[in-house]
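The block underneath contains the structure these notes are about, expressed in structure tokens.
Since we're looking at a predicted model, the values are computed, not measured. By convention in this document, chain letters (A, B, ...) are assigned in the order of the sequence lines, proteins followed by strands, and residues within each chain are numbered from 1.
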Amino acid sequence: MEIAKTYEPKQAEEKHYERWETSGCFAPEINQNPDAPAFSIVIPPPNVTGSLHMGHALQHTLMDVLTRRRRMQGFRTLFLPGVDHAGISTQLMVTRELLKNEKKTPQEIGREAFTEKVWAWKAKFGGEITRQIRREGASVDWSREKFTMDEGLSKAVREVFVRLYEEGNIYRGKRIVNWCPHDKTVLSDLEVKEEKRADGKLYYLQYPIVGAERKLTVATTRPETMLGDTAVAVSPTDERYQDLIGKMIALPLTNREIPIIADDYVDAEFGTGAVKITPAHDPNDYEMGERHNLEQLIVMNDDATMNEAAGADFVGLDRYAARQKVVEKFEELGLLEKIDDYEITLPVCERCKTVIEPLLSTQWFVRMDEMRDLALEEMREKHFPRFFPETPNEKVYTTWLENLRDWTISRQLWWGHQIPAWYDANGKVFVAKSLEEAAQQAGTNDLTQDADVLDTWFSSALWAFSTLGWTGEITETEDLKTFYPTDVLVTGRDIIFLWVSRMVMTGLKFVGQRPFDDVIITGTVLDKNGQRMSKMKGNGVDPLVMFDKFGVDATRMTLVSLATGMDVRWNEAQVENYRNFANKIWNAARFCLMNSDGATVNLASLKPEEGASIADRWILSRLNKTVLEVNRALEKYFFHEAVQLLYHFFWDDFCSWYIELVKDEITGGYSSAETEVSSEIAEAVVSEQQAAARTRILTILEQALRLLHPFMPFLTEELWHTLPGTNANLHNAAYSKAAKTIMLADFPTTEESLIDERAEAEMQAVIDLIGKVRNIRAEMNIKPSERIAILVAANADLQKVFGENQAQILKLARATDLKLSEQFDAPKASARTALAGGAEVAIPLEGLIDFAKETDRLEKESAKLTNEAEKLNAQLSNENFVARAPSEKVEEIRTRVFDIEQRTKTLNQTLEALK
RNA sequence: GGUCACUUAGCUCAGUUGGUAGAGCAUACGCUUCACACGCGUAGGGUCACAGGUUCAAGUCCUGUAGUGACCACCA
């Protein structure tokens, strides 16, 4: 059988995903074992407006690696996909479209028509992200795909809302909130980001005191808010102002008089020590207003223009225009003391970057105390969730919970879960799961539903159980029973607060069980300059471009190799490297297939027969050790380590050494003169021994493909199907009835008895010998075509090892003759070097050797050894070391010193002989 | 202001009970060696940011300094 010379990923990617999906391989129902343990992961639902970025690709790949491995191990596996309705993003996007296409605003077409447009938009474009997830190879169960606004999930939302309300944990109240004047909605603290502005100003305004000549100067960064001032505060201990406390101020530009109050909040050291108080437009002022019973005067509209309360001169002005006008007027009045430059950090809307206006407003809130305590207790007592990496994430999570404040959940949007609260004609509120129930409570049908919708994260908070069928009415489903709690959550640092903590809290409260066991927090993929990738900067690397350029599998391997939890810079050279690795695998398979006549994958060949060669025992030992370590690494979520192990095993152990060692045996060992012999003739003479060797290498390759499959699903599937003897019998027992696919093959387990340290040491000696000879060849500029003789002096054990591998040594060192003996008498014109175990190798180079060069080479090597020996001897001559270090450590050092001394002695003798 | 992380070969990064510093890329030299030039062979390259400390032994533990970055809080 012959396959192409280079792996072309595209074709395999298209062909296999569709087959996997349509044949039900992703659904847990494929598992026929009623006693199978369950494994489940819910995908963090990407925004319906989103398109795939590197962060997704990284997280999805990690989840898929875990899922595919568990599936192969026979777990009943569910990797559940879904999409988030993403309230603000989606509404903004559709609003923009509407304006562009129909020149209309949402208000003009009305709520109902608008939400219909959004659903239409979703139907048309919302599938983009799910198509991209398919492209990644993610083995998610599409038959269970969920959307946060599905009926079931919406029911869960209403149920949770009503229950929290009935318990008094949801309330409606007037608070200072973060208001985005552009999106015209309230935002939670987590949706507000900060922006440093160097060009800020601090304005010093003089306020005249009633009945006195004296003026009190206040400093502010937002002069326009003075129109809403209802007091000025000073520190109660500030001696400068003692006599003013209780006096009134004639507030300029208004005809109001406001009191001077004393409050501990005020820092006498900052600014002038006097603070203007605007309870309706500043959170701290609001608190102070509450303490002192101050009037709350709202002077702005929801678009940050000034309202009537600001006065006739200002009404209708934008906040910044109003600011300028206030400053001008103060200047006219001679009340502007000064303006200082001041670096300021402003709160901005996470989405539109508009400066947030703190605003007194009536909103819905969740009181988090009870759920917060549930989560903290779970951490204290059961150390859950377990974060990977634990530092700093566990502490970040715990500290945040400890300082948790009420959650603003209402949003002034149309796209989302409308708040299940209705008002009668008198404005009395009825919270219920439906209009009917509200009407029953109210005793009238004349009800109006609250216009607001819930924060997108409210429904996301229920994701771990709402997606498994929990609606509040239905609290037990097969899926919940089987798959809840889920096993592991994989997500980014930025949503520990927004999502992880909230899922924990709602899971504990409403299901009475944690939503997942482990939380893997991935690092951020940065651009090559260490900058965050972002749409605005345009420095993002599109995973789909990588898929096209290097293949999905190569991209996945790159991502997994980066998954240490640290932030990492994207480096395309790495993807290229794994593309090359994919091609290496392809070609190793190609070699095995070209020589597969008379052979078939056969698991029995994974146990060495009586008298098996060192190379065979060695590769089986390496395979079993690799399986052991890969499994260990994945249990600890050390993804990068698993990749390293597999890369090393496949490229170095399997390709560089094993294939080369057994090549002649596999191919029949025809010499170059016989190259023209047609393959048919070669086939005809496959001996039993050769067939066994071919079967063995084929089977080892097959095991390697299984190990690699969770990481490189497409390549491994493509190759697996070409191997003779692969069939559904290789599946895990749970999938014996399913159609042949590597994704259901049993994931390799370790046969510990096959880890053969002796074979590994013996093979290492052979590898070292070949390496030393190759080194001499290169250093002495011996042409590859030049054949040489090798003399080896070694003890009987080593002689036996070298003897058994004579043919391989000759071939790989390009030699014609290998002479083994206890001692040798090499000609003077030889290049020599010492091997481990007191052995020595010599290569007679009559007429080829450059004595000066050889002396130079040996001296360099001798110096290296001397240096090493000195370090070790220094340790041994330290009494404390010998006395206190573990004896096996001391012994180890002694052995090493002995070996080095032997080699040095040999080298020096050689050097002497050269003189 | 608080908390935390990072600083290892030219580059990107590994290095988890403290015990001979690793990989890939890049570089140099040599190879049409019958799976693969997306390849093969060989080589060079690191006082593990700096300063102290603990220890027989420190890239690894502790303290401090410098630089970089993240998050939280505040910012009249």
Need one value for [X]: base, sugar-phosphate or nothing, where a base atom within 4.0 Å counts as base even if backbone is also close, heavy atoms only.
X: A:Cys655; value: base
X: A:Asn781; value: nothing
X: A:Tyr203; value: nothing
X: A:Leu202; value: sugar-phosphate
X: A:Thr221; value: sugar-phosphate
X: A:Arg814; value: base
X: A:Thr564; value: sugar-phosphate
X: A:Glu660; value: base
X: A:Tyr578; value: nothing
X: A:Val266; value: base
X: A:Glu194; value: base
X: A:Arg777; value: nothing
X: A:Lys871; value: nothing
X: A:Arg569; value: sugar-phosphate

Considering only heavy atoms and no angle criterion, is a donor-acceptor pair shorter than 3.5 Å present between the side chain of [X] and the base of [N]?
X: A:Arg774; N: B:U42; value: no
X: A:Thr345; N: B:C75; value: yes
X: A:Arg579; N: B:C38; value: yes
X: A:Lys663; N: B:A35; value: yes
X: A:Gln574; N: B:C11; value: no

Can you check the distance between [N] and [M], where both ends of the measurement are the [atom1] atom (answer in whole Å)?
N: B:U60; M: B:G19; atom1: C1'; value: 11 Å
N: B:U20; M: B:A26; atom1: C1'; value: 27 Å
N: B:U42; M: B:U63; atom1: C1'; value: 46 Å
N: B:A23; M: B:G46; atom1: C1'; value: 14 Å

*Given salt bridge (Lys or Arg N to Asp or Glu O under 4.0 Å), test A:Lys201 with A:Asp340 step by step and report yes or no.*
CA-CA 6 Å; A:Lys201 300 265 187 271; A:Asp340 281 353; over 6 Å; no
*Does a donor on one side chain sit under 3.5 Å from an acceptor on the other, for A:Asn595 and A:Thr667?*
no
Mate of [N] where both pairing distances stay under 3.5 Å, Watson-Crick or G-U:
N: B:A23; answer: B:U12
N: B:G59; answer: none
N: B:U54; answer: none
N: B:C31; answer: B:G39
N: B:A70; answer: B:U3
N: B:C75; answer: none
N: B:A49; answer: B:U65

Please state whether the phosphate of [N], meaning OP1 or OP2, lies under 4.0 angstrom from any side-chain nitrogen or oxygen of [X].
X: A:Trp651; N: B:C40; answer: yes
X: A:Asn775; N: B:G41; answer: no
X: A:Lys395; N: B:C4; answer: yes
X: A:Asn403; N: B:C72; answer: no
X: A:Lys584; N: B:C40; answer: yes
X: A:His640; N: B:G15; answer: yes
X: A:Thr399; N: B:U3; answer: no

If I take atom [atom1] in residue [X] and atom [atom2] in nucleotide [N], what distance separates them, rounded to the nearest angstrom?
X: A:Arg590; N: B:C38; atom1: CZ; atom2: C1'; result: 13 Å
X: A:Glu191; N: B:C71; atom1: CD; atom2: P; result: 16 Å
X: A:Asn583; N: B:C40; atom1: CG; atom2: P; result: 10 Å
X: A:Asn577; N: B:C38; atom1: CG; atom2: P; result: 13 Å
X: A:Gln764; N: B:U20; atom1: CD; atom2: C1'; result: 15 Å
X: A:Glu786; N: B:G30; atom1: CD; atom2: C1'; result: 14 Å

*When the ring planes of A:Phe330 and A:Tyr207 are compared, do they come out parallel, tilted or perpendicular, using 30° and 60° as the limits?*
tilted
*Return the orientation label for the A:Tyr578 and A:Tyr647 ring planes: parallel under 30°, perpendicular over 60°, tilted otherwise.*
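Aromatic pair A:Tyr578/A:Tyr647 classed perpendicular.
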*Assess whether ring pair (Phe, Tyr, Trp, His ring centres under 6.0 Å) is satisfied between A:Phe387 and A:Tyr397, documenting all intermediate values.*
CA-CA 9 Å; A:Phe387 282 95; A:Tyr397 165 88; 5.2 Å; yes
*Are side-chain heavy atoms of A:Phe714 and A:Tyr7 found at a separation under 4.5 Å?*
yes
*Identify whether NZ of Lys or CZ of Arg in A:Lys663 sits under 6.0 Å from the centre of the six-membered ring of A:Phe591 and within 45° of that ring's axis.*
yes
*Tell me which of A:Tyr647 and A:Gln875 sits closer to the 5' end of RNA chain B, going by the nucleotide each one is nearest to.*
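Checking each residue's closest nucleotide, the 5'-ward one belongs to A:Gln875.
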*Which sits closer to the 5' end of RNA chain B, A:Thr220 or A:Leu526, going by the nucleotide each is nearest to?*
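It is A:Leu526 whose nearest nucleotide is closer to the 5' end.
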Grab the N/O contacts between the protein and nucleotides 5-7 of chain B below 3.5 Å, and write none if there aren't any.
none

*I would like to know whether A:Arg632 and A:Glu629 meet salt bridge (Lys or Arg N to Asp or Glu O under 4.0 Å); could you show each step before the answer?*
CA-CA 5 Å; A:Arg632 259 189 208 152; A:Glu629 286 171 348; 5.4 Å; no
*Check the surroundings of atom NZ in A:Lys193: do more than 12 heavy atoms from other residues, nucleotides or ligands lie under 6.0 Å from it?*
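Yes, enclosed.
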*May I ask you to check whether over 12 heavy atoms, not counting those of A:Glu635, lie within 6.0 Å of atom CD?*
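Counting other residues, nucleotides and ligands, CD of A:Glu635 exceeds 12 neighbours.
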*In a check of side-chain contact (heavy atoms from CB on, under 4.5 Å) between A:Val525 and each of A:Thr558, A:Leu58, A:Asp567, which one passes?*
A:Leu58
*With distance as the sole test, does A:Asn403 use its side chain to make a donor-acceptor pair with the main-chain N or O of A:Thr399 at under 3.5 Å?*
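Yes, A:Asn403 side chain to A:Thr399 backbone: donor-acceptor pair under 3.5 Å.
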